[in-house]
Amino acid sequence: MEFKHKDIIALRDLNREEIELLLATAENMREINSRDIKKVPTLRGKTIINLFYEASTRTRTSFEIAAKRLSADTVNISPSTSSSTKGETLADTALNLLAMKPDIIVMRHAVSGSHYFLSKKLPNCSIINAGDGAHEHPSQGLLDMLTMKDRFGRLDNLKVAIVGDITHSRVARSNIQGLTKMGSRVFLAGPPTMMPPGVERLGNVTVCATMKEAIQDSDVVMMLRIQQERQGKTLMPNTREYSRYFGLNPENLKLAKPDAMVMHPGPINRGVEMSSYVVDGGQSHILKQVENGVAVRMAMLYHVCGGELE
Amino acid sequence: MADNTTVLLDESGIKRALTRISHEILERNKGVRDIALIGIRSGGAHLAEEIGNCMEVIEGERVPVGAVDITLYRDDIKSHGAHLPVGKTDISFSLEAKRVVLVDDVLFTGRTIRAAMDALMDHGRPSSIQLAVLIDRGHRELPIRADFVGRNVPTSLKENVAVMFDEKNKPIAVVLEK
């Protein structure tokens, strides 16, 4: 199995074998993160630009640590310090960055699909998607799958419930793409105003009328953050009502399998989509997800560097 | 087996070579004290297990055995096109002040050994590193030599030397492919 892509923009673009290769590489990269000297010389001399048009702590830091552990040089550009505030277009920013000869650009952008545009503009540079609008967040999907694989030893025949604002969630889309390719079933629940029409067409996906139905006998309960910054005011009456119908608490968690794992991509709104009892409880794998994030991103950076440039 | 391959060592030949190497390691180091065996994935890691077992039979004491994967330390990472899969480095003990015996199946250009030594140094500071190989086929490109050699085999650059393992990772043959 060879990884031939120069970009990782969406898990939709990868096949099952490619996803398995990325996860296997990530599993073996983890050993580096437990050493005293957390660095290997693999990407020495490579320049990686982290271009974040949207706020991010976890993902940006995780990509930066991943790059540094592989000995690449990293530069971070965020909107408040970039020329985009002065009106520069993405195309112009890209061409200017290209003049500095980066090997990989890791970008987060509010517009879905902007990475495909960037990839066409920059044929000699690898593009990694760190989240684009409501499209995909492939590194999150992969680290979620790695965390599930750690727990169950497999990724097929799992029942995974994803609950919350599906419409605005790129995390949900990447997980749906990845998990259904690996042979698992995804059950979605959320307020009808936050459920995109036609989401069933993405794969082995079932839209449930209630949260109870989705998490019943599930192996994984993945809760999504209520993205108040992306929503208008009209999608839900108030957070208390949301929490009552779509919040995870110790009571409704009992509906899932006894050893079910609880996941959340973060940042968490405690008391809204999840009660603190669940966040800090024994079934929570939230910090494990963050830990796996570094290894998964190391694997992504490693494999895109060996991909075929056009 | 096809006509263009020659068997250099069979199963019992490999066993005798590894037994001799085990004795030599013990003799040189005056016993098992502070010795750690590290095999290079994948062939070397299997052979390190064999040498470890052999030394236990001789001395009645088990030395720590680990495995190192050198993919991330290769110097030819660019020339391969698609990046190679990364194997697991498994060193569950400290290398600090250990006499490390690095084990590989075939010593050729020496570049793998260079990469493995760099990898070991990132894990700690061993007091010394010695090198044990089953086959030395020559053609060194770096100033590296083995301390313990199973068999020296003069080869041409067109030939290939491979150590074959069975499904239990036991070495069964060394073959020269023309």
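Every chain is numbered from 1, with letters handed out A, B, ... down the list of sequences. Keep in mind that this is a model prediction, so the values were computed, not measured.
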Original post:
Once you round to the nearest 0.5 Å, how far does CD of B/E96 lie from CG of A/D36?
Top reply: 8.5 Å
Original post:
With distance as the sole test, does A/Y302 use its side chain to make a donor-acceptor pair with the main-chain N or O of B/V86 at under 3.5 Å?
Top reply: no
Subject >> Flag if over 12 foreign heavy atoms under 6.0 Å of NZ, A/K288 >> reply: yes
Original post:
Does CZ in A/R154 sit with more than 12 non-hydrogen atoms of other residues, nucleotides or ligands closer than 6.0 Å?
Top reply: yes
**OP:** Check whether any side-chain heavy atom of B/H123 lies under 4.5 Å from a side-chain heavy atom of A/I37, and answer yes or no.
**Re:** no
Original post:
Do A/T42 and B/R74 have side-chain heavy atoms sitting under 4.5 Å apart?
Top reply: no
Original post:
Within a reach of under 6.0 Å around CZ of B/R62, are more than 12 heavy atoms found that belong to other residues, nucleotides or ligands?
Top reply: yes
**OP:** Could you tell me whether the side chain of A/P41 reaches within less than 4.5 Å of the side chain of B/D118, counting heavy atoms only?
**Re:** no
Subject >> Within 6.0 angstrom of B/E27 CD, more than 12 heavy atoms from elsewhere >> reply: no
**OP:** Tell me, out of B/T71, B/T89, B/L72, who's got the most heavy-atom pairs with chain A below 4.5 Å.
**Re:** B/L72
Subject >> Heavy-atom neighbours of A/K38 NZ exceed 12 at 6.0 Å >> reply: yes
Original post:
Just wondering, are more than 12 heavy atoms of other shown residues or ligands nearer than 6.0 Å to CZ in B/R140?
Top reply: yes
Original post:
Which heavy atom of B/D122 sits nearest a heavy atom of A/K39, and at what distance?
Top reply: OD2-O, 3.3 Å
Subject >> Heavy-atom closest contact (B/H83 atom, A/C305 atom, distance) >> reply: CE1-CB, 3.5 Å
